[in-house]
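What follows is a short report on a single structure.
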Amino acid sequence: MEEKISVKDILQTLRQRLGLIVIITAAAVALAAGISYVILTPVYEASTQLLVNQSAADSQQEFTSDELETSRELINTYSVIITSSRILDPALEELNLIRSVDELRSQVSVSDSEESQIVTIRVQDENPDAAVEIANTIGAVFQEDIIDIMNVDNVSLLSPAELEENPSPVAPDPVLNMGVAFVVGLVLAVGLAFLLEFLDRTIKSEEDVEEKLGIPILASISTMPPSRNAGDLTSTKKQRGRETYGA
């Protein structure tokens, strides 16, 4: 027999399993908070901005659209050069860092602002001081080495990375993690509640008898509390509850 689940049944299941849902959801949020605040190591970010200038000859001319596009391509080229071994290797030596070029490259990201000639070097590190030092060192090495690489001297330091008084980590994000954990925990808890309800085949009411056994109720017999003794059986006025029988 195909069972139909109504909105009333869904709400009743959620109400009956409300405690379980709250406990699982709260546990998921608490677990995410514990991992975010205790286990995961905070990561800090520092950024250095470089300005890609026009050459002396170009600065006296009005830029055409093609020349602007050429300038944009030049900035993209610089972005690739900054994360190359040509720049990161001497930066590691200057910083005296014991890590590979690939490890340092994974900490560095380069971006350029739209419609501008500014290149931003961002460095993430577990130590905020180290993030600032690495960002400024990479910027300085690039500014010096680009003269030999491209035979141009059109890069200047616009804004060096500085250590804030109370730096805030960029990762992990405890609020985001707890929000995700709340949603995931809630979905899992609701799913578990419906699974338990589906597996529960016990009969709790007269309606369950008719629904699950498919037989009509003929009569019901009242039940007594376990503490009652045999002498109380004679008193029908003190009887409580009842048992239901179907046929």
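No hydrogens, no waters, no symmetry mates; every other heavy atom, side chains included, goes into these values. Everything numeric in this text was worked out from a predicted model, so none of it was measured.
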Measure the spacing between [atom1] of [X] and [atom2] of [Y] and express it to the nearest 0.5 Å.
| X | Y | atom1 | atom2 | value |
| --- | --- | --- | --- | --- |
| Thr77 | Ile149 | OG1 | CD1 | 11.5 Å |
| Glu197 | Leu14 | CD | CG | 10.0 Å |
| Ser106 | Arg99 | OG | CZ | 8.5 Å |
| Leu188 | Ile21 | CG | CD1 | 11.5 Å |
| Asp145 | Ile138 | CG | CD1 | 13.0 Å |
| Asp125 | Gln107 | CG | CD | 5.0 Å |

- By the rule that ILVMFWY residues connect when side-chain heavy atoms come within less than 4.5 angstrom, directly or transitively, which residues belong alongside Leu163? Val132

If every non-hydrogen atom of [X] is compared with every non-hydrogen atom of [Y], which pair is closest and at what distance?
| X | Y | result |
| --- | --- | --- |
| Val141 | Pro90 | CG1-CG, 3.9 Å |
| Pro167 | Tyr44 | O-CE2, 3.5 Å |
| Val43 | Gln124 | CG1-CB, 3.7 Å |
| Ala46 | Ala161 | CB-CB, 4.0 Å |
| Ala181 | Ala32 | CB-CB, 3.4 Å |
| Ile82 | Leu88 | O-CD2, 3.6 Å |

Heavy-atom neighbours of [X] [atom1] exceed 12 at 6.0 Å:
| X | atom1 | value |
| --- | --- | --- |
| Ile98 | CD1 | no |
| Phe182 | CZ | no |
| Glu144 | CD | no |
| Glu162 | CD | no |

- Query: Is there side-chain contact between Arg86 and Asp148, with heavy atoms separated by less than 4.5 Å?
  - Reply: yes

Under a single-linkage definition using a 4.5 Å side-chain heavy-atom cutoff for Ile, Leu, Val, Met, Phe, Trp and Tyr, are [X] and [Y] assigned to the same hydrophobic cluster?
| X | Y | result |
| --- | --- | --- |
| Ile118 | Tyr78 | no |
| Ile10 | Leu186 | yes |
| Leu158 | Val110 | no |
| Leu95 | Ile87 | yes |

- Test item: Ser84 side-chain N/O and Ile81 main-chain N/O as donor-acceptor pair under 3.5 Å: yes

- With Met178, the side-chain contact (heavy atoms from CB on, under 4.5 Å) member among Val29, Leu31, Ile35: Val29

- Task: Carefully, step by step, assess Leu196 and Leu192 under the rule side chain to side chain contact (heavy atoms under 4.5 Å, CB included).
- Result: CA-CA 6 Å; Leu196 293 176; Leu192 180 61; 4.2 Å; yes

- Task: Output, in order, the C-alpha distance, side-chain angles, deciding distance and verdict of side chain to side chain contact (heavy atoms under 4.5 Å, CB included) for Leu50 and Leu157.
- Result: CA-CA 5 Å; Leu50 302 175; Leu157 180 61; 3.7 Å; yes

- Task: Start with the C-alpha gap between Arg122 and Ser111, add the side-chain angles, then the distance that decides, and say whether side chain to side chain contact (heavy atoms under 4.5 Å, CB included) holds.
- Result: CA-CA 8 Å; Arg122 291 185 173 85; Ser111 62; 2.8 Å; yes

